[in-house]
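Reckoned from all heavy atoms, side chains included, excluding hydrogens, waters and symmetry mates.
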Amino acid sequence: MLHFLKEMRWSGIAILLLIAAGCAAQSAESKATVVADPQITAALQQVSPQRIQANIEKLVSFGTRSTIAAQDPASITAGHGIGAAREWIKAEFERYSKDCGGCLEVKTDSFTEEPSERIPKATQITNVYAALKGTDATSAKRIVLVTGHYDSRNTDILDVNGDAPGANDDGSGTAVSLECALVLSKMKFPATIIFLTVAGEEQGLNGSRHFAKMAKEEGWDLEAVLNNDIVGGDKSTEQDHSVVRVFSEGVPAAATEQDLRRIRGLGGESDSASRELARYIAEVGQTYDAGVKPMLVFRLDRFLRGGDHSSFNQQGFAAVRFTEFREDFHHQHQNVRTENGIEYGDLLKFVDYEYVAKVARLNAATLASLAAAPAPPANVHILTKGLENDTTLTWEASPGGAEGYEVIWRATTSPEWEHAQAVGNATRATLKLSKDNVIFAVCAVGRAGHRSLPVVPER
């Protein structure tokens with residue numbers, strides 16, 4: 001009897017080992033493998049901390065970049081104020097374009113903001129941007145965008161005279177847009193990339209709101225927005241320079257009542273387009289060694305704060321915010337001074353330029369990966385006509401063509417996609433998995449293995 005029990009015990013262990021091996025094999029087969037594109041890898045190596053430092057120093061040199069400060073010709077000539085900063089940014093984009101044979105289309109988006117609580121009189125606000133147009137006639141309509149705000153502020157939001165260095169907030173984000181433009185302008189992509197710098201952020205997201213509305217009204221196919229705000233890696237003792245936070249909205253700000261009913265029915269509260277963009281950034285961070293790891297924060301923004309990405313969210317676009325791990329609030333929105341031994345002000349010496357360069361690499365890798373990938377599949381649906389344990393998904397082929405498609409899935413409790421199954425160049429797939437137990441999505445795969453943003457199915 002004892003011998004029989006021993007045999008049973010060892011047989012049971014053997015069975016368990018076989019089951020575990022089978023599960024491991026299945027997991028290995030279904031785990032997505034993304035190979036780094038050597039051209040993108042080479043481009044990331046061109047990101048320069050020294051150039052980023054020089055750009056942030058130049059921005060600080062304008063004294064104040066308050067949106068409501070003087071921007072008349074005399075101030076611009078004197079190199080003081082937001083007007084001078086605007087003209088310098090525009091000149092930098094134009095210089096990059098000249099170096100790449102006119103590959104960048106440099107534009108401004110100017111408008112007059114009427115008086116409000118933070119704008120005492122009608123004020124001209126100007127966004128400056130450069131577009132690297134896609135090489136494919138169909139794919140060029142797709143746009144991915146990186147942005148930072150170039151305005152700054154003091155403790156008193158209406159102070160137009162005191163120095164407002166804005167080295168970290170948001171000279172760092174502006175420098176990321178500039179660096180991505182310089183590095184990626186040397187490459188060609190099927191889709192279009194826009195490198196944007198906005199003003200009016202500190203006065204109430206004025207610049208980004210105007211730009212996002214313009215994109216919506218003109219029917220832009222704006223697929224992804226990366227907003228970099230306070231990515232200077234403030235040199236506080238408790239800072240973690242190995243990570244950068246990526247904030248993303250859950251339930252979309254632009255959701256209709258019908259959208260909300262669908263989201264509740266599918267359990268899709270954590271599957272907005274912005275949330276999928278955040279997950280995409282996490283995957284890019286695993287594929288390319290930018291030197292900093294994206295830390296996904298599943299909420300729109302920090303408490304009591306806001307950012308330009310929300311302007312794009314309001315218009316229904318996928319947008320996320322990059323921000324350093326730990327902020328020092330003595331170095332934000334403060335007049336430069338020392339009180340009780342504490343140094344206040346957003347000064348150059350608190351910025352870690354190596355960290356900004358790492359964040360720029362992560363942004364550049366994400367932009368390049370998206371711009372090189374085919375468009376996401378359209379009209380993705382999950383069939384629910386009958387009670388069954390298999391799952392059937394259907395979708396429309398990506399415009400411009402894709403080499404194939406992948407069905408990806410994760411546990412309903414998992415923050416990131418866990419498995420992927422290639423299904424060839426098809427528009428329908430059936431998997432031996434219950435739709436009740438996991439979250440599914442479909443993404444398009446290009447010739448070089450670049451993957452689109454995932455699309456979660458509707459019923």
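The closest side-chain donor-acceptor pair between Asp234 and Gln239, if any, does not fall under 3.5 angstrom. A donor-acceptor pair shorter than 3.5 Å cannot be found between the side chains of Gln421 and Glu406. Residues Asp229 and His149 have side chains that bring a donor and an acceptor to within less than 3.5 angstrom of each other. Between the side chains of Ser270 and Arg279, at least one donor N or O sits under 3.5 Å from an acceptor N or O. Side-chain polar atoms of Asp37 and His450 form a donor-acceptor pair below 3.5 angstrom. Using a 3.5 Å distance cut-off with no hydrogens or angles, the side chains of Thr126 and Thr108 do not pair a donor with an acceptor. Inspection of the Asn313 and Ser274 side chains reveals an N or O donor paired with an N or O acceptor under 3.5 Å. For the residue pair Glu113 / His210, no side-chain donor-acceptor distance below 3.5 Å is found, with atom types taken as modelled. Side chains of Thr256 and Asp259: a donor on one and an acceptor on the other come within 3.5 Å. A donor-acceptor contact under 3.5 angstrom links the side chains of Asn363 and Asn228, judged on distance only. For the residue pair Arg428 / Thr394, no side-chain donor-acceptor distance below 3.5 Å is found, with atom types taken as modelled. Defined by atom type and a distance below 3.5 Å, a donor-acceptor pair is missing between the side-chain atoms of Gln332 and Asp169.
Of the charged side-chain nitrogens involved, at least one lies within less than 4.0 Å of a carboxylate oxygen, so that Arg302 and Glu327 count as a salt-bridged pair. Comment: Lys432 engages Asp390 in a salt bridge, judged by a side-chain N to carboxylate O separation of less than 4.0 angstrom. Here Glu94 pairs with Lys90 in a salt bridge; the nearest charged N to carboxylate O distance falls below 4.0 Å. Arg95 has a carboxylate O that lies under 4.0 Å from a charged side-chain N of Glu92, or vice versa, which qualifies the two as a salt bridge. Under 4.0 Å is where a charged nitrogen must lie from a carboxylate oxygen, and between Arg153 and Asp170 no such pair does.
In this structure, Lys235 places its NZ atom where more than 12 heavy-atom neighbours from other residues, nucleotides or ligands lie under 6.0 Å away. For Arg262, the CZ atom is densely surrounded, since the number of other residues' heavy atoms within 6.0 Å is greater than 12. Glu396 CD: more than 12 foreign heavy atoms inside a 6.0 Å radius. Within 6.0 Å of the CG atom in Asn389, the count of heavy atoms belonging to other residues, nucleotides or ligands does not exceed 12. Within a 6.0 Å sphere centred on CD of Gln258, heavy atoms belonging to other residues, nucleotides or ligands number 12 at most. Annotation for Gln39: atom CD does not count as buried by contact number, only 12 or fewer foreign heavy atoms lying within 6.0 Å.
Checked by atom type and distance alone, the side chain of Ser398 pairs as donor or acceptor with a backbone atom of Ala375 at under 3.5 Å. Put simply, the side chain of Arg361 never gets that close to the backbone of Gly291: no donor and acceptor are under 3.5 Å apart. For Ser208 (side chain) and Leu205 (main-chain N/O), a donor-acceptor pair under 3.5 Å exists by modelled atom type. Put simply, the side chain of Ser177 never gets that close to the backbone of Thr174: no donor and acceptor are under 3.5 Å apart. The backbone N or O of Ser248 sits less than 3.5 Å from a side-chain atom of Arg275, completing a donor-acceptor pair. Although no hydrogens or angles enter the test, the distance criterion places a donor-acceptor pair under 3.5 Å between the side chain of Arg321 and the main chain of Gly306.
Leu367 is listed as a side-chain neighbour of Cys180, based on a closest heavy-atom distance under 4.5 Å. Ile281 is listed as a side-chain neighbour of Leu362, based on a closest heavy-atom distance under 4.5 Å. Side-chain contact between Gln53 and Ile56: absent, with no pair of heavy atoms (C-beta onward) separated by less than 4.5 Å. Within the 4.5 Å cutoff, no side-chain heavy atoms of Val442 are placed close to those of Phe440. Residues Glu257 and Leu260 form a side-chain contact, since some pair of their non-hydrogen atoms from C-beta on lies under 4.5 Å apart. A heavy-atom distance below 4.5 Å is found between the side chains of Met187 and Ile40. Taking 4.5 Å as the limit, some side-chain heavy atom of Asn168 sits within range of a side-chain heavy atom of Glu324. Considering only heavy atoms from C-beta on, Ile439 comes within 4.5 Å of Asp271 through its side chain.
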(message) Could you go through Tyr353 and Ser172, starting from their C-alpha distance and side-chain angles, then the distance that decides it, and tell me whether this counts as side chain to side chain contact (heavy atoms under 4.5 Å, CB included)?
(response) CA-CA 9 Å; Tyr353 303 106; Ser172 62; over 6 Å; no
(request) Report the C-alpha distance between Thr392 and Thr430 in whole Å, list the side-chain angles of each, state the deciding distance to 0.1 Å, and finish with yes or no for side chain to side chain donor-acceptor pair (under 3.5 Å). (result) CA-CA 4 Å; Thr392 299; Thr430 300; 2.9 Å; yes
(message) Could you go through His419 and Arg410, starting from their C-alpha distance and side-chain angles, then the distance that decides it, and tell me whether this counts as side chain to side chain contact (heavy atoms under 4.5 Å, CB included)?
(response) CA-CA 6 Å; His419 306 284; Arg410 70 179 198 275; over 6 Å; no
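A side-chain contact (heavy atoms from CB on, under 4.5 Å) with Leu277 is found for one member of Val225, Val144, Leu453 and no other, namely Leu453.
Aromatic ring pairs are classed by plane angle as parallel below 30°, tilted from 30° to 60° and perpendicular above 60°; the pair Phe211 and Trp220 is perpendicular. The aromatic rings of His331 and Phe350 sit parallel to each other, their planes meeting at less than 30°, with 60° as the upper class boundary.
The two residues Ala278 and Leu296 come nearest to each other via the heavy atoms O-CD2, 3.4 Å. Gly173 and Val231 make their closest contact through N-CG2, 3.9 Å (heavy atoms, listed as atom of the first residue, atom of the second, distance). Counting all heavy atoms, side chain and backbone alike, Asp221 lies closest to Lys141 at CB-O, 3.3 Å. Taking every heavy atom of both residues into account, Pro374 and Gly446 meet most closely at CD-N, 3.5 Å. Phe312 and Ala319 make their closest contact through CB-CB, 3.8 Å (heavy atoms, listed as atom of the first residue, atom of the second, distance). Considering all non-hydrogen atoms of both residues, Asn206 and Phe111 come closest at O-CZ, 3.5 Å.
Residue pairs meeting the ring-ring contact (aromatic ring centres under 6.0 Å, His included) criterion with at least one partner in residues 375-404, sequence neighbours excluded, are Trp395-Tyr405.
The side-chain contact (heavy atoms from CB on, under 4.5 Å) test applied to Ser242 returns Asp240, not counting sequence neighbours.
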